[in-house]
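Notes to accompany the following structure.
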Amino acid sequence: MAEGGGGSARVAGDLRRRIAAGELAPGERVPSTRAITREWGVAIATASRALAALRAEGLVRVVPGVGTVVAEPVGRVPEPAPAAPPAAGPRRTVPSRTGPSRTVPSRTGPARAVPEEALGPDRIVAAAMDVADAEGLAGLSMRRIATALGVAPMALYRHVSDKDDLVVRMLDAAMGEWRAPVDVAGGWRPRLDGGVRALWAAFRRHPWMAQALSVTRPQAIPAGMAYSEWVLATLDGQRVEAVEAFDIHLTLINYVRGAAAVLEPERDAEAASGLDNEAWLAEQEPGLAALVGSGRFPLLQRMVTTDYDLDVDALFERGLLLLLDGLAVQFDRIADASRTAAPPWAR
């Protein structure tokens, strides 16, 4: 195998040329570390160095749960944000789901002191969301937010009770970005499909939501209640009991939350290890192959030898399809039972 800096430079150069030629477009996944080892005949460490070099140049970026994708060229007109437009102000770059980064107005603007008379709950929540989006809930503290706003920590407590109160307000603001699909024909399925996808997009923009939102101890979130009401209204015409409809709603929202639960830990793990999930998995592959090669796990052994790259977005899509397929079967059964129970003249 070709090793060392020369090998990684060769791989990086080839990928750089593909990006420049448009063979790899912005937002498109670049070959994973495992794919690089096969195509270029190099070691995992060499493949990792090549991708690290491209990241350092700003040509590629890592999307948690998806992998390494081509970054948006500098100067390219950004795609509009799907949520309601925030107030005008300085701009910051945030990742989209799998496509290029997009630039949106910063909520808090530059880190300069905010006059206390201009400080309010909305401004504090916006600053807190910026911190959590960038650093996760672990990096969120009243002191950190006060630093971002240029005020004393005690000034925040005039507007929010404590950190728990602040997180609930953040969840309300994040859920408030959700928009119900409009002009959707075809009944309950396309409505739920569009609504759940829009919710997934909100969790994608704010990975901390998965950890902050509780299903077993639900917080009082007006925007979340609006989403719940919309889902229940969508199910209202399917002859399902109120309890069953609420179970369906909780199943769907908990599915989104569960699928998004990997995003923030993956970002933290990458920061701590310096390896994205592809590089980490590739390093574990020899040990995993030895374990499953014992003959005790033939089906897992088959998967280890398969070119499988984990993509959280693709996994979400497949799971949502299966859930909606299951609901379709259930609703058909209810409709059949209702027709059978009706008198002959009403069928």
Side-chain angles (χ1 to χ4, degrees), residues 8-9 11-33 35-36 47-110 126 129-136 174 177 179 197-198 200-209 260 262-264 266-271 274-279 309-317:
S8 63
V11 174
D14 288 348
L15 291 174
R16 195 179 294 112
R17 283 190 290 273
R18 291 187 188 181
I19 294 170
E23 297 174 20
L24 292 170
E28 186 177 347
R29 291 186 67 182
V30 301
S32 66
T33 49
I36 289 173
S48 298
R49 282 195 295 270
L51 292 178
L54 295 178
R55 285 197 299 271
E57 295 173 22
L59 292 176
V60 301
R61 62 188 180 89
V62 175
V63 178
V66 172
T68 303
V69 302
V70 178
E72 181 181 352
V74 176
R76 177 170 176 162
V77 177
E79 64 184 41
R91 304 182 74 82
R92 65 189 179 102
T93 299
V94 298
S96 66
R97 289 174 57 200
T98 56
S101 298
R102 56 186 175 84
T103 304
V104 299
S106 173
R107 296 185 183 91
T108 59
M129 290 177 69
D130 279 341
V131 171
D133 286 348
E135 303 172 23
E177 296 176 3
R179 295 292 181 269
R197 288 174 190 274
W200 171 247
F203 275 76
R204 259 309 204 170
R205 287 191 297 272
H206 310 295
W208 51 267
M209 288 178 66
V262 302
L263 300 175
E264 190 170 271
E266 170 57 29
R267 180 179 58 188
D268 294 343
E270 182 183 336
L275 300 174
D276 63 19
N277 66 311
E278 292 176 346
D309 289 321
L310 177 64
D311 183 331
V312 172
D313 287 304
L315 200 61
F316 168 80
E317 296 286 346

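Counting all heavy atoms, side chain and backbone alike, Arg267 lies closest to Glu135 at NH2-C, 4.0 Å. For the residue pair Ile36 and Ala47, the shortest heavy atom distance occurs at CG2-CB, 3.5 Å. The two residues Ala174 and Ala202 make their nearest non-hydrogen contact at O-CB, 4.3 Å. For the pair Gly58 and Ala71, the tightest heavy-atom approach, listed with the atom from each and the gap, is O-CB, 3.3 Å. Across every non-hydrogen atom of Glu23 and Glu28, the tightest pair is O-OE1, 3.8 Å.
Every residue two or more places apart in sequence or in another chain that forms a side chain to side chain donor-acceptor pair (under 3.5 Å) with Arg17 is listed here: Asp14. Residues meeting the side chain to side chain donor-acceptor pair (under 3.5 Å) test with Asp268, sequence neighbours left out: none.
Here the straight-line distance linking atom CZ of Phe316 with atom CZ of Arg204 works out to 10.5 Å at 0.5 Å rounding. Atom-to-atom distance recorded for Glu264:CD and Met209:CE is 12.0 Å, nearest 0.5 angstrom.
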Item to complete: Please assess Leu59 against Val70 for the test side-chain contact (heavy atoms from CB on, under 4.5 Å), listing each intermediate value before the final yes or no.
Response: CA-CA 6 Å; Leu59 292 176; Val70 178; over 6 Å; no

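The shortest distance between side-chain heavy atoms of Arg61 and Glu72 does not fall below 4.5 Å. Using a 4.5 Å heavy-atom threshold, the side chains of Pro31 and Leu15 count as touching. Proximity of Leu51 to Arg55: side-chain heavy atoms (C-beta onward) are separated by under 4.5 Å at one or more points. Side-chain contact between Trp208 and Leu263 is absent, with no heavy-atom pair separated by less than 4.5 Å. Looking at Val69 and Val30, their side chains never come closer than 4.5 Å, going by heavy atoms from C-beta outward.
A side-chain contact (heavy atoms from CB on, under 4.5 Å) with Arg29 is found for one member of Asp311, Val60, Leu24 and no other, namely Asp311.
Note on Arg16 versus Glu57: salt bridge recorded, some NZ/NE/NH1/NH2 to OD/OE distance being below 4.0 Å.
For the pair Glu317 (side chain) and Ala314 (backbone), a donor-acceptor distance under 3.5 Å is absent.
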